[in-house]
Trainee: 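Pasting a structure here, questions to come.
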Amino acid sequence: MRNARIAVITQAVKLADEAAGLNRTSYIAELLAREGHDVDLLTSTFQHWEKKRRDIVNPKYHELPYEVIFIEEPGYSSNINPIRIYSQNVFAKNLNTYLERYGADYDLIWCQIPPNNIAATAGTFARKIDVPFIVDINDLWPEAMRMVVDIPVVSDVAFYPFARDAKRVYQLLSGAVGTSDEY
């Protein structure tokens, strides 16, 4: 019997000795690997907190207890920026391409949300290959966005894609974990 093959997907994660970022997802990948599972952590070529491209050939990324699969993303200069949405859309498209080519033998897909479109891509693929889809809820989009910008009708239209993708993710999930009771 082979070990379970698990995809852990996040667009933004602190890996190895990177200076900034959250390491929750890399911790989960490491925990699963220590339990004997074959883990692929699928993440971005762009480091979200440092706003720079990762040197993906650096050995530090290939000495971890799980396999790091870098998904191409162009990046962006600030968090509140339409280019960020474009960049996340490119990541989601490239993630889908990767999963279609290499993901058929995953036994479980674990994905961080947000970004909602990336999680929707992962969930749709999990459903297609009929494996459990676990969502790690780190923030609520578009609800958190409305705390900053809440203009009747305008916010509804602007945030519709986020709400649509969130609804799709929650319809697809097999289970959810979160960092807060609010989620």
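In this text the structure is predicted, and so the values were computed from the model without any measurement.
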Trainee: State the CD1-CG distance between I109 and L173, to the nearest 0.5 angstrom.
Mentor: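 So the CD1 of I109 and the CG of L173 are separated by 13.0 Å.
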Trainee: Does the separation of the ring centres of Y61 and F70 fall below 6.0 angstrom?
Mentor: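 Yes, the ring of Y61 comes within the 6.0 Å limit of the ring of F70, centre to centre.
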Trainee: Checking R84 side chain against N79 main chain: does a donor-acceptor pair fall under 3.5 Å?
Mentor: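 Side chain of R84 to backbone of N79: a pair is present.
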Trainee: Where the side chain of N3 meets the backbone of G36, is there a donor-acceptor pair that is under 3.5 Å apart?
Mentor: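 Judged by distance alone, yes, a pair lies under 3.5 Å.
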Trainee: Salt-bridge test for E72 and R53: reply yes if a basic N is under 4.0 Å from a carboxylate O, no otherwise.
Mentor: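 Here E72 pairs with R53 in a salt bridge, since their nearest N and O are under 4.0 Å apart.
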Trainee: E50: which residues meet the salt bridge (Lys or Arg N to Asp or Glu O under 4.0 Å) condition with it, sequence neighbours left out?
Mentor: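 Expected list: K52.
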Trainee: Taking L42 as the fixed residue, which of N94, L99, V13, I118 is the one that meets the side chain to side chain contact (heavy atoms under 4.5 Å, CB included) rule?
Mentor: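 The option that passes is L99.
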Trainee: Working to the nearest 0.5 angstrom, can you tell me the gap between I137 CD1 and C111 SG?
Mentor: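 That separation rounds to 11.5 Å.
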Trainee: Please report the interatomic distance CD1(I71) to CG(N96), rounded to the nearest 0.5 Å.
Mentor: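 With rounding to 0.5 Å, CD1 (I71) is 10.5 Å from CG (N96).
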Trainee: Is the closest side-chain heavy-atom distance between I6 and Y66 below 4.5 Å?
Mentor: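 The answer is no; the side chains never approach within 4.5 Å.
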Trainee: Check the pair I113, N138 against side-chain contact (heavy atoms from CB on, under 4.5 Å), reporting the backbone distance first and the verdict last.
Mentor: CA-CA 6 Å; I113 188 173; N138 287 280; over 6 Å; no
Trainee: Check step by step if side chain to side chain donor-acceptor pair (under 3.5 Å) holds for N117 and T121.
Mentor: CA-CA 6 Å; N117 61 332; T121 298; over 6 Å; no
Trainee: Could you pull out the closest heavy-atom pair between A33 and V39, with the gap in Å?
Mentor: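 Heavy atoms of A33 and V39 come nearest at N-CG2, 3.7 Å.
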Trainee: Please determine whether residues F46 and I9 belong to a single hydrophobic cluster, defined as Ile, Leu, Val, Met, Phe, Trp and Tyr linked transitively by side-chain heavy-atom distances below 4.5 Å.
Mentor: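 Unlinked, F46 and I9 end up in two clusters.
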Trainee: Side-chain contact, heavy-atom cut-off 4.5 Å: R127 with F133?
Mentor: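 Side-chain contact under 4.5 Å: no.
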Trainee: For Q11, run the side-chain hydrogen bond (donor to acceptor under 3.5 Å, both in side chains) check against E73, H48, Q112 and tell me which one passes.
Mentor: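 Answer to the side-chain hydrogen bond (donor to acceptor under 3.5 Å, both in side chains) test with Q11 among E73, H48, Q112: E73.
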Trainee: Compare all side-chain heavy atoms of W49 with those of L22 and state whether any distance is below 4.5 angstrom.
Mentor: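 W49 vs L22: side chains touch.
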Trainee: Taking only residues two or more places apart in sequence, or in another chain, which ones meet K93 in a salt bridge (Lys or Arg N to Asp or Glu O under 4.0 Å)?
Mentor: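 Not a single residue meets the salt bridge (Lys or Arg N to Asp or Glu O under 4.0 Å) criterion with K93.
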Trainee: Dump the intermediate steps for side-chain contact (heavy atoms from CB on, under 4.5 Å) on W110 and V177, then the final yes or no.
Mentor: CA-CA 10 Å; W110 177 294; V177 295; 3.7 Å; yes
Trainee: Is there side-chain contact between Y76 and K51, with heavy atoms separated by less than 4.5 Å?
Mentor: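 Yes, their side chains come closer than 4.5 Å.
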Trainee: Checking F125 against Y106 for the ring pair (Phe, Tyr, Trp, His ring centres under 6.0 Å) test, could you report, in this order, the C-alpha distance in whole Å, the side-chain angles of both residues, the deciding distance, and whether it holds?
Mentor: CA-CA 10 Å; F125 184 77; Y106 284 124; 7.5 Å; no
Trainee: Please answer whether the main-chain N or O of P132 pairs with a side-chain N or O of S174 as donor and acceptor at a distance below 3.5 Å.
Mentor: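 Looks like no, no N/O pair under 3.5 Å.
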Trainee: Could you tell me whether a side-chain N or O of E18 sits under 3.5 Å from a main-chain N or O of L15, the two making a donor and an acceptor?
Mentor: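 The answer is yes, because a donor-acceptor pair under 3.5 Å joins these two groups.
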Trainee: Please report the interatomic distance CZ(R168) to OG1(T124), rounded to the nearest 0.5 Å.
Mentor: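 Going from the CZ atom of R168 to the OG1 atom of T124 covers 4.0 Å.
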Trainee: Are side-chain heavy atoms of Y86 and P74 found at a separation under 4.5 Å?
Mentor: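 Side chain of Y86 against side chain of P74, heavy atoms only: contact under 4.5 Å found.
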Trainee: Side chains of T43 and I69, heavy atoms from C-beta outward: is any pair under 4.5 Å?
Mentor: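 Counting from C-beta outward, T43 and I69 never come under 4.5 Å.
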Trainee: Carefully, step by step, assess L108 and I134 under the rule side-chain contact (heavy atoms from CB on, under 4.5 Å).
Mentor: CA-CA 8 Å; L108 180 131; I134 307 299; 4.1 Å; yes
Trainee: Mind checking whether V68 and H62 have side chains closer than 4.5 Å, heavy atoms only?
Mentor: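 V68 does not reach H62 side chain to side chain.
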Trainee: Check this for me: K167, atom NZ, are more than 12 non-hydrogen atoms of other residues, nucleotides or ligands nearer than 6.0 Å?
Mentor: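 Count not over threshold, so no.
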Trainee: Looking at E100 and K128, is there a salt bridge between them, counting it only when a charged N and a carboxylate O are closer than 4.0 Å?
Mentor: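 Salt bridge between K128 and E100, a charged N being under 4.0 Å from a carboxylate O: yes.
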Trainee: Measuring from T25:OG1 to K14:NZ, what's the distance to the nearest 0.5 Å?
Mentor: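 Rounded to the nearest 0.5 Å, the OG1-NZ separation comes to 13.0 Å.
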Trainee: Are I83 and F162 linked, directly or through intermediate hydrophobic residues, by side-chain heavy-atom contacts shorter than 4.5 Å (ILVMFWY only)?
Mentor: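 No, no single cluster joins them.
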Trainee: Are T45 and R54 close enough, and set up right, to give a side-chain contact (heavy atoms from CB on, under 4.5 Å), and what steps lead you there?
Mentor: CA-CA 5 Å; T45 55; R54 288 181 161 124; 5.5 Å; no
Trainee: Can Y102 be reached from L95 by stepping across I, L, V, M, F, W or Y side chains whose heavy atoms are under 4.5 Å apart?
Mentor: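 Looking at the clustering, Y102 is in the same group as L95.
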Trainee: If we ignore hydrogens and angles and just use 3.5 Å, is the side chain of S44 paired with the main-chain N or O of A12 as donor and acceptor?
Mentor: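 Checked: no pair found.
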Trainee: Are R24 and D136 ion-paired here, with the side-chain N under 4.0 Å from a carboxylate O?
Mentor: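 A salt bridge is present here (some side-chain N lies under 4.0 Å from a carboxylate O).
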Trainee: Hey, does Y98 have a side-chain heavy atom less than 4.5 Å from the side chain of D40?
Mentor: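 Answer yes - side chains close enough.
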